[in-house]
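First the structure, in the form of structure tokens, and then the observations on it.
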Protein chains: 2
Amino acid sequence: MVEKNTEEKIIVAAEKVFIEKGLAGARMQEIADEAGINKSLLHYYYRSKEKLFTMVFKIAFKTFAPDLIKAFEGDDDFFVKIERFVFAYLSIIDKNPHIPVFIISELGNNPKRLVDIIGYLDLNVQPVYDAIEEEIKKKMIKEIEPSDLIINVIALCVFPVVAKPIIKNIVFKGSEEEYKKMLDRRKVEAARFVISAIKNTD
Amino acid sequence: MVEKNTEEKIIVAAEKVFIEKGLAGARMQEIADEAGINKSLLHYYYRSKEKLFTMVFKIAFKTFAPDLIKAFEGDDDFFVKIERFVFAYLSIIDKNPHIPVFIISELGNNPKRLVDIIGYLDLNVQPVYDAIEEEIKKKMIKEIEPSDLIINVIALCVFPVVAKPIIKNIVFKGSEEEYKKMLDRRKVEAARFVISAIKNTD
DNA sequence: GTCTATAAGGTGATAGAC
DNA sequence: GTCTATCACCTTATAGAC
């Protein structure tokens, strides 16, 4: 059990409450209770609800900005890179299952929030584009718009988690176990699906 | 211009405000202003904010409960069915681009909400499962868990829309035009991607 | 059915003692 | 740094006139 100072305790508590309730639904009192401190200390450390939220949102976004670039560096086989990315990304999701919905919800309410973060994180997808185009040129994979392929891979990882209530209740008739099995399967199967879709069969 | 009575005007206004701001972020005053009526009329017709919201949520959910079953009925070729479903579903999304985020956000805040709706809509996916399993048996498509295939198809349709701010700003560097072109392309390309992934090449 | 007025309770934020 | 007390405002909801 690590000893935390007040500033850190607030962030941990704020993450929990904001992720669960959203900006509009969260209450400063609830965050204070969760942190085991007085409400006015929230303002002492972070001045306003909005500023505290921005702090939390940036941390959450950073966790989930996919390390696409890193996964696509190096000389490994292109299909291995896809397998590695899918496995790594789904593992992050496993550990933080509520963050994708949180990001999507709050960005839906206020898309401008993202613009602040773009510069602050460097998210250049160009190397991934280049890698995809090279594979197409080498005729290893079928013709596809690189952006489409990137979106497809991430969609197959993220959607099953953001739509959890719907999938669990409608596809798996309420079974948490079946839902979890599907997510686990996906760490391998999602990459297999993608590779099968793009592999050149000429 | 169709003449609307007060009850209908309220629902239309409530849809707009709730979808934009969410349950917690929406204000009854704003809904009243949007409908051009007095705030107390909202309570006269719908008793409480929560009840009005539930009304709106059910309408939104119904619009988006994918008509999977319908698309998979009939004797058409299985791949044609997929093409038809993807095109139809992406066309609905085109017309209601903010509803998927709305449903995901509000279900994230309160997953129990879905349970009320399940019974009220009949959403039996069994016929789709059967159709998929038959194709596998006939060796027309590769071995795949039917639930995985269904989730993949919907993921490829829905994710690009719910993650719009991220995709538009990071993948397309802020270009609304590029984003829209991608969505349009997808009406054909998403089905092609899926078919290419599952088609048996033995 | 529609309005005005107001109740009743929350909400983020700050002042000031310790 | 941390607390108590309190401000100023906002929010849902209702009562009652027309």
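This structure is a prediction, so every number in the text was calculated from the model and none was measured. Proteins get letters first, then strands, A, B, ... in listed order; numbering begins at 1 in each.
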- Among A:R185, A:R186, A:R192, the one residue meeting salt bridge (charged side-chain N to carboxylate O under 4.0 Å, His left out) with A:E189: A:R192
Within the sub-3.5 Å range, which N or O atoms of nucleotides 11-14 of chain C have a protein N or O partner, and how far apart are they?
{"unit_1": "C:dT11", "atom_1": "OP1", "unit_2": "A:R27", "atom_2": "NE", "d": "2.6"}
{"unit_1": "C:dG12", "atom_1": "OP1", "unit_2": "A:K49", "atom_2": "NZ", "d": "3.2"}
{"unit_1": "C:dG12", "atom_1": "OP2", "unit_2": "A:M28", "atom_2": "N", "d": "3.2"}
{"unit_1": "C:dG12", "atom_1": "N7", "unit_2": "A:K39", "atom_2": "NZ", "d": "3.4"}
{"unit_1": "C:dA13", "atom_1": "OP2", "unit_2": "A:H43", "atom_2": "NE2", "d": "3.0"}
{"unit_1": "C:dA13", "atom_1": "OP2", "unit_2": "A:K49", "atom_2": "N", "d": "2.7"}
{"unit_1": "C:dA13", "atom_1": "O5'", "unit_2": "A:H43", "atom_2": "NE2", "d": "3.4"}
{"unit_1": "C:dA13", "atom_1": "N6", "unit_2": "A:K39", "atom_2": "NZ", "d": "3.1"}

- Item | Distance flag, aromatic centroids of A:F53 and A:F18, threshold under 6.0 Å | yes
- Message: Tell me if the centroids of the rings in A:F78 and A:F85 come within less than 6.0 Å of each other.
- Response: no
- Can we say A:E178 and A:K168 salt-bridge, meaning some charged N sits less than 4.0 Å from an Asp/Glu carboxylate O? no
- Pairing of A:K181 and A:E176 as salt bridge, 4.0 angstrom limit: no
- With A:D184, which residues qualify under salt bridge (Lys or Arg N to Asp or Glu O under 4.0 Å), at least two apart? A:K187
- Note on the structure: Footprint ends on DNA chain D, 5' to 3', for atoms under 4.0 angstrom from a heavy atom of chain A, come out as D:dG1 to D:dT4
- Message: Counting only heavy atoms not in B:H98 (residues, nucleotides, ligands), do more than 12 fall under 6.0 Å from its NE2?
- Response: no
- Message: With no hydrogens and no angle check, just 3.5 Å: does a side-chain donor-acceptor pair link B:E106 and B:N110?
- Response: no
- Under the side-chain hydrogen bond (donor to acceptor under 3.5 Å, both in side chains) rule, what pairs show up with a residue in residues 32-42 of chain A, not counting sequence neighbours? A:K16-A:E34, A:Q29-A:D33, A:N38-A:S40
Side-chain donor/acceptor pairs under 3.5 Å, residues 134-144 of chain B, sequence neighbours excluded:
{"unit_1": "B:E135", "atom_1": "OE2", "unit_2": "B:K138", "atom_2": "NZ", "d": "3.3"}
{"unit_1": "B:K142", "atom_1": "NZ", "unit_2": "A:S196", "atom_2": "OG", "d": "2.4"}

- Item | Angle by which the axis turns from one end of the helix from C:dG1-D:dC18 to C:dC18-D:dG1 to the other, five pairs per end, to 10 degrees | 0°
